[in-house]
Amino acid sequence: MAAQQSQGIQTLLEAEKEAAKIVQQARQYRVQKLKDARAEASKEIEEYKKAKEQEFKAYEASHAGTTSTTQATLDKDTDVKLREIDIIFNRKKDEVVNTLLTRATLVQPELHRNLKKLNA
């Protein structure tokens, strides 16, 4: 009976070792699957990124001409408006200076309105 018990314990120990090996293999398999999934995902991300960059470059190339044309038009309009402002400035600067000098030098002393009320 002791030999039979000993043999039963030995069989259980071997079965436990076999189960531990199977669990270890399953863990290794799971880790490997995760690594493979990450690698595949990063590869797909890179492909998607390249495709989107190509789309953007194509879009940018197709719209680059309109941007430069628009910029040139805006520059011309700005130059025209600046010239108009300079012309108006040069035409009216003497008048504005004379008006400012007249106002600054023309002094008419009078009592303050609050002081007038007290004296009345």
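We use all heavy atoms of the structure for the numbers below, so side chains are in, but hydrogens, waters and symmetry mates are not. Quick caveat, the model's predicted, so the values are computed rather than measured.
Put simply, CG on D75 and OG1 on T70 are 10.5 Å apart, with the number rounded to the nearest 0.5 Å. Note that CG of D86 and NZ of K81 are 14.5 Å apart. Values are rounded to the nearest 0.5 Å. Atom CD1 of residue I88 and atom CZ of residue R83 lie 13.5 Å apart, to the nearest 0.5 angstrom.
Under the side-chain hydrogen bond (donor to acceptor under 3.5 Å, both in side chains) criterion, the residue pairs touching residues 28-45 are Q32-D36, with sequence neighbours excluded.
When all heavy atoms of T78 and L74 are compared, the closest pair comes out as OG1-O, 2.8 Å.
Counting heavy atoms from C-beta on, the side chains of K52 and E55 come closer than 4.5 Å.
Other members of the hydrophobic cluster containing L13, listed by chain and number, are I9; membership follows side-chain contacts under 4.5 Å among ILVMFWY residues, whether direct or relayed.
Partner of L100 under the side-chain contact (heavy atoms from CB on, under 4.5 Å) criterion, out of V97, V96, T102: V96 alone.
The local environment of CD in E53 is crowded, with over 12 non-hydrogen atoms from other residues, nucleotides or ligands closer than 6.0 Å.
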